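Predicted, not measured: the structure shown is a model, and the values here were computed from it.
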Amino acid sequence: MKSDNVKKGMQQAPHRSLFNALGFTGEEMNKPLVGIVSSYNEIVPGHMNLDKIVNAVKLGVAEAGGVPVVFPAIAVCDGIAMGHVGMKYSLVTRDLIADSTECMALAHQFDALVMVPNCDKNVPGLLMAAARINVPTVFVSGGPMLAGHVKGKKTSLSSMFEAVGSYAAGTMTEEDVCEYERKACPTCGSCSGMYTANSMNCLTEVLGMGLRGNGTIPAVYSDRIRLAKHAGMAVMEMLKKDIRPRDIMTKEAILNALTVDMALGCSTNSMLHLPAIAHEVGFDFDIKFANEISEKTPNLCHLAPAGPTYMEDLNEAGGVYAVMNELDKLGLLHRDCITVTGKTVGENIEHAVNLNPEVIRPIDNPYSKTGGLAVLSGNLAPDGSVVKRSAVVNEMMVHEGPARVFDCEEDAIEAIKGGKIVAGDVVVIRYEGPKGGPGMREMLNPTSAIAGMGLGSTVALITDGRFSGASRGASIGHVSPEAAVGGPIALVEEGDIISINIPQLKLELKVSDEELAARKAKWQPREPKVTTGYLRRYASMVTSGNRGAILKTPDTI
């Protein structure tokens, strides 16, 4: 056992004295040491129940013959961090989580790990750590929130943000907003639509790192406690069989995840996190893989914000495995990938049934024949940009309009809420990329303001930042190269015509090459927005959004 490095032999007598200080028994010293990475805290609604999940995991591990030992991981609530300096600290925690978990696990020589994340950056951060540490590992998350109910309709956090825009437009009263405020987020859990947290939790099942239901069983269901106990038992089986994360998270498994992502209509943030996870296992993930996979993968789900269904509905319809089973009918999945169950993907999904064809469309009646995400390229985004195609209304699939240019999110929000943005405009928010932000802030406030002002079907938004999974509409993010390094988005001027053609995967600035070259010659880098602390260090090391905003290492170009 790996933990023998700190438990066995005369040389380890000092180590054993410290285990004695922890209250370990002699019997425990002869059992596998299983680290449980707890993301529990009292500020993130999706994490407030993780103490119960962790306790259930501990019972499962102990029942199966291991010694559970808990240590923490940090977590940021993207909703609470939204729209102010706090959002600069969201994406950047992904690497802090990966790094600190690697440090804890290897410093203490755990034999196996159970990761207990839930919200946005914890899942990819811990998947990255799992790949690095490479001891048997199972994921069990906190689960999604139940949908809210307002005026007889299900609702969620995205409706809450849009209500603020509606109030600014004068179409909703203060009393209406207060009703949403009280009812939109009724339980603990990750917010109830197919936002980033739920996207990544669903993809743990597809990657093979989480048990069935990990992405969809609601946080408040007792099934979630049972799942956690089974996760603790499963990691002990993995330890016996020596199944490790790099055996599971192969190139084929990651391509499976991208395929199911297309069918589910996941958050555009998955196009940051899948490349980062792939990088940890040595797979060079090009975001343009998305177009190749999207071309042959039908979009089967329209969960909020793209449609009127929620995570609880997906769970009742059969969950992620039911979606995978539909895709398998078209031969779109790599069936032989091994998973934390000890079985292959094909074996796992063999008996999964689609119980609600209104929530999970069958393959012969998809929402669209192509997937939920698209990568757009052109002279405005030579290295690509990402849009959640499944959340774009038909009339905005092709759009051309004048650029309204803002060098930060706050200025754009002021203009939108001030009525200065009109139908047909293309809002450009730049210097918000991984390096320029720094931290690549989510733009849920401006997209929600656009929707709330009634402009969602006539105004586009383009940024080198990113979007919340709760964003909808013609919201195009991850524009690469970003403005901070002199990418073409830095050269856009007020009134320039921008052409968006999602079916043709094009994003073009209607300016001549000669004019762009002249503007480029005059362009000067901006002074860093942050000059101290972690964000400054992050900005100096981070790569472009099309690379997954990974941090540079000696082998990174």
Could you tell me whether a side-chain N or O of [X] sits under 3.5 Å from a main-chain N or O of [Y], the two making a donor and an acceptor?
X: Thr137; Y: Val135; result: yes
X: Asn325; Y: Val353; result: no
X: Asn214; Y: Glu205; result: no
X: Asp51; Y: Tyr40; result: no
X: Tyr167; Y: Val177; result: no
X: Ser166; Y: Glu162; result: yes
X: Thr187; Y: Met145; result: no
X: Asp111; Y: Pro32; result: no
X: Asn118; Y: Gly143; result: yes
X: His478; Y: Leu272; result: no

Considering all heavy atoms, the nearest Ala549-Leu91 contact: CB-CD2, 4.0 Å
Exercise: identify the closest heavy-atom pair between Lys151 and Asp176: NZ-OD1, 3.7 Å
Regarding [X] and [Y], does a basic nitrogen lie under 4.0 Å from an acidic carboxylate oxygen?
X: Asp78; Y: Lys121; result: yes
X: Arg132; Y: Asp99; result: yes
X: Lys240; Y: Glu237; result: yes

Do the side-chain N and O atoms of [X] and [Y] include a donor-acceptor pair separated by under 3.5 angstrom?
X: Arg389; Y: Ser368; result: no
X: Asn201; Y: Thr204; result: no
X: Arg466; Y: Asn269; result: yes

Considering residues at least two apart in sequence or located in another chain, which fulfil the side chain to side chain donor-acceptor pair (under 3.5 Å) criterion with Glu347?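 Partners of Glu347 by the side chain to side chain donor-acceptor pair (under 3.5 Å) criterion, ordered by chain and then number, come out as Thr344.
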Side chain to side chain donor-acceptor pair (under 3.5 Å) partners of Arg361, counting only residues at least two apart: none
Looking at [X], I'd like to know if its [atom1] atom is crowded, meaning that more than 12 non-hydrogen atoms belonging to other residues, nucleotides or ligands lie closer than 6.0 Å.
X: Leu22; atom1: CG; result: yes
X: Glu63; atom1: CD; result: no
X: Arg224; atom1: CZ; result: yes
X: His302; atom1: NE2; result: yes
X: Lys88; atom1: NZ; result: yes
X: Met48; atom1: CE; result: no

Leu264 vs Leu314 side-chain heavy atoms within contact, under 4.5 Å: yes
Would you give the length of the straight line joining atom CD1 of Ile450 to atom CG of Asn445, rounded to the nearest 0.5 angstrom?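 If we round to the nearest 0.5 Å, Ile450:CD1 and Asn445:CG are 11.0 Å apart.
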List the residues meeting ring pair (Phe, Tyr, Trp, His ring centres under 6.0 Å) with Phe110, not counting sequence neighbours, and say none if there are none.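 Partners of Phe110 by the ring pair (Phe, Tyr, Trp, His ring centres under 6.0 Å) criterion, ordered by chain and then number, come out as Phe71.
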Testing Thr196, Val123, Leu203 for side-chain contact (heavy atoms from CB on, under 4.5 Å) with His273, which one passes? Thr196
Evaluate Tyr195 against Ser156 for side chain to side chain contact (heavy atoms under 4.5 Å, CB included), listing each step before the verdict. CA-CA 10 Å; Tyr195 311 146; Ser156 62; 2.5 Å; yes
